[in-house]
> 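This is the structure, below, for whatever I ask next.
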There are 2 protein chains.
Amino acid sequence: MLKLTKKADYGLMALKYLAEHPETPALSAKDVADAYGIPAQLLAKILQRLTKTGLLRSHAGMNGGYELARDARQISAYEVIHAIDGPFFITSCTKGAKGCDLTPSCTIKEPLARVNDTIAGVLKSISIQDLAEHVQPSGRPREAQGLVALTL
Amino acid sequence: MLKLTKKADYGLMALKYLAEHPETPALSAKDVADAYGIPAQLLAKILQRLTKTGLLRSHAGMNGGYELARDARQISAYEVIHAIDGPFFITSCTKGAKGCDLTPSCTIKEPLARVNDTIAGVLKSISIQDLAEHVQPSGRPREAQGLVALTL
DNA sequence: TGAATCTCGGACAGAAACGGTCGTATACTT
DNA sequence: AAGTATACGACCGTTTCTGTCCGAGATTCA
């Protein structure tokens with residue numbers, strides 16, 4: 001399926017929202033949740049995790065909330081997804097504990113690992129800032145704008 | 001998580017296996033399943049679907065089985081995954097029926113759709129043949145070998 | 001003809017991941 | 001002290017994924 005979870009989606013949306021409102025000192029989870037119609041409690045937990053991984057700074061108490069820990073340009077989509085969904089691997093046998101269970105025959109994994117790296121590279125090259133400034137729907141030739149150019 | 005299902009994995013493995021044994025007229029689902037330690041019945045159904053989508057040719061009866069419908073070079077990993085897991089979208093709100101439920105604010109989707117296309121492009125550029133001929137573990141500088149070169 | 005082998009296809013059950021909620025403790029501001 | 005907001009863990013319902021079972025049709029071979 002190759003799709004990312006709603007949590008990751010929410011996380012990206014929230015960071016994008018924060019990036020779009022740099023003037024405010026801090027936005028509460030509820031603020032962001034209301035803005036997008038996201039379940040507030042869920043978003044809260046997501047933001048908490050992003051805080052724990054250092055992407056956000058939190059501020060408890062009244063008028064508290066969250067703010068980007070770094071410039072929006074310095075936060076990649078990869079970091080966000082990784083923080084929320086954990087390390088992702090395209091392959092099912094993530095070669096974590098004992099590699100491919102019984103079958104030492106997973107010769108597919110090697111080339112797919114390369115694909116995995118490519119995708120990760122794409123996501124790493126996209127910053128929250130890129131998400132914040134909506135790309136033009138069409139028209140403008142995007143040459144220098146090319147976010148990524150990579151070879152596999 | 002951005003990972004593909006085991007079914008897709010199995011499918012790729014099976015096609016790779018078929019590509020590696022071009023001499024045999026047809027290999028049964030069980031043959032392939034045994035070779036990799038994959039549940040036979042499950043693999044059978046996967047191969048059936050691949051047959052339905054035209055990637056394989058089936059042959060019932062004794063000594064029957066499956067064979068690649070086209071040259072291994074002409075079958076992309078994308079086709080396999082697409083056939084098994086259906087059309088994939090990175091975004092959760094696939095803009096299928098009514099777009100993003102209530103929230104018209106999913107401004108993230110547009111840039112992510114571009115990422116989606118990129119990934120699809122990568123997968124489309126990888127053929128079963130590429131999987132079959134194991135890539136070198138390391139060492140050899142892979143310049144002309146670059147499977148893909150794309151800009152986002 | 002009949003037996004063996006293999007594909008086809010739906011139904012179904014167990015397991016895991018996902019999405020979301022609740023309750024409570026803690027921290028900060030006024 | 002009161003109100004607001006984060007922090008964190010437990011919990012549950014739903015969906016998706018994985019895998020199995022079973023019956024039916026096709027083909028080959030004896």
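Atom set for the values below is all heavy atoms of this structure, side chains included, hydrogens, waters and symmetry mates excluded.
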> Show me the donor-acceptor pairs within less than 3.5 Å that the side chains of residues 58-68 of chain B make with the rest of the protein, sequence neighbours left out.
| from | atom 1 | to | atom 2 | distance (Å) |
| --- | --- | --- | --- | --- |
| B:E67 | OE2 | B:R57 | NE | 3.4 |

> Ignoring hydrogens, what is the shortest heavy-atom contact between B:L55 and B:R70? Give both atom names and the distance.
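Closest pair (atom of B:L55, atom of B:R70, distance): CD2-NH2, 3.3 Å.
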> Provide, to the nearest angstrom, the distance between the CG atom belonging to B:L56 and the P atom belonging to C:dC6.
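So the two atoms are 17 Å apart, to the nearest Å.
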> Mind calculating the distance between CZ (A:R57) and P (D:dT6) to the nearest angstrom?
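Nearest whole value for this atom pair: 16 Å.
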> Between the base of D:dT20 and the side chain of B:K45, is one N or O donor paired with an acceptor at under 3.5 angstrom?
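Result: at least one qualifying N/O pair found.
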> So which atom in B:R73 and which in B:S127 form the shortest heavy-atom distance, rounded to 0.1 Å?
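The answer is O-CB, 3.6 Å.
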> Give me the atom names and distance for the closest heavy-atom approach of B:I128 to B:A19.
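Residues B:I128 and B:A19, closest heavy atoms: CG2-CB, 3.8 Å.
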> Mind calculating the distance between NZ (A:K7) and P (C:dT21) to the nearest angstrom?
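In whole Å, C:dT21 P lies 12 Å from A:K7 NZ.
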> Do B:T53 and B:V80 come close enough that some side-chain heavy atom pair is under 4.5 Å?
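A side-chain contact is absent here, since even the closest heavy-atom pair is not under 4.5 Å.
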> How far does NE2 of A:H21 sit from NZ of A:K16, to the nearest 0.5 angstrom?
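Interatomic distance, A:H21 NE2 to A:K16 NZ, rounded to 0.5 Å: 9.0 Å.
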> Taking CG from A:L47 and P from D:dT6, how many angstroms apart are they, rounded to a whole number?
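Going from CG in A:L47 over to P in D:dT6 covers 8 Å.
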> In whole angstrom, give the distance that lies between atom CD1 of A:I38 and atom C1' of C:dC18.
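In whole Å, C:dC18 C1' and A:I38 CD1 are 16 Å from each other.
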> Can you measure A:D85 atom CG to C:dC18 atom P for me and round it to whole angstrom units?
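Value for this atom pair: 7 Å.
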> For the helix from C:dT1-D:dA30 to C:dT30-D:dA1, measure the angle between the helix axis at one end and the axis at the other, each built from five pairs, rounding to 10°.
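The angle separating the two end axes equals 10°.
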> Taking only the side-chain heavy atoms of A:P39 (C-beta and beyond), determine which of C:dG20, D:dG19, D:dT6 contains the nearest atom.
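Looking only at heavy atoms from C-beta outward on A:P39, the closest nucleotide is C:dG20.
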> Select one nucleotide: of D:dC22, C:dG20, D:dA7, the one nearest the side-chain heavy atoms of B:Q41.
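Nearest to the side chain of B:Q41 among the choices is D:dC22.
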> Applying side chain to side chain contact (heavy atoms under 4.5 Å, CB included), can you list everything that pairs with A:K45, at least two apart in sequence or on another chain?
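Partners of A:K45 under the side chain to side chain contact (heavy atoms under 4.5 Å, CB included) test: A:Q48.
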> Going from CD on A:E20 to CD on A:Q129, what distance comes out if it is rounded to the nearest 0.5 angstrom?
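A:E20 CD to A:Q129 CD: 9.5 Å, rounded to 0.5 Å.
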> Taking side chain as C-beta onward, heavy atoms only, is A:I81 less than 4.5 Å from A:T5?
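The answer is no, as the side chains (C-beta and beyond) never meet within the 4.5 Å cut-off.
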> Nearest-nucleotide wise, let me know which of B:L42 and A:K30 is further upstream toward the 5' end of DNA chain D.
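Mapping each residue to its closest nucleotide by heavy atoms, the 5'-most match is A:K30.
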> Show the distances under 3.5 angstrom between N or O atoms of the protein and N or O atoms of nucleotides 27-30 of chain D.
| from | atom 1 | to | atom 2 | distance (Å) |
| --- | --- | --- | --- | --- |
| D:dT27 | O2 | B:M62 | N | 3.4 |

> Could you check whether A:A29 gets within reach of a base, just the sugar-phosphate, or nothing at all, counting any heavy atom under 4.0 Å?
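Contact class for A:A29: sugar-phosphate only.
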> So which heavy atom on A:A29 is nearest to which on A:L43, and how close?
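Reported closest heavy-atom pair: O-CD1, 3.7 Å.
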> In whole angstrom, what separates A:L50's CG from D:dC8's C1'?
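Answer to the nearest Å: 15 Å.
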> Check DNA chain D against residues 65-72 of chain B and give the residues with a non-hydrogen atom under 4.0 Å, in numerical order.
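Residues of residues 65-72 of chain B under 4.0 Å from DNA chain D: none.
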> What pairs with A:K52 under side chain to side chain contact (heavy atoms under 4.5 Å, CB included), at least two apart in sequence or on another chain?
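Residues passing side chain to side chain contact (heavy atoms under 4.5 Å, CB included) with A:K52: none at all.
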> Is A:S58 near enough to D:dA7 that one of its side-chain N or O atoms lies under 4.0 angstrom from OP1 or OP2?
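So the side-chain polar atoms of A:S58 do come within 4.0 Å of the phosphate oxygens OP1 or OP2 of D:dA7, strictly under.
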> Rounded to the nearest 0.5 Å, how far apart are CG of B:L18 and CG of B:L47?
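Going from CG on B:L18 over to CG on B:L47, the span is 7.0 Å.
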> Could you check how far CG of B:L4 sits from P of D:dC17, rounded to whole Å?
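Computing the B:L4:CG to D:dC17:P distance gives 12 Å.
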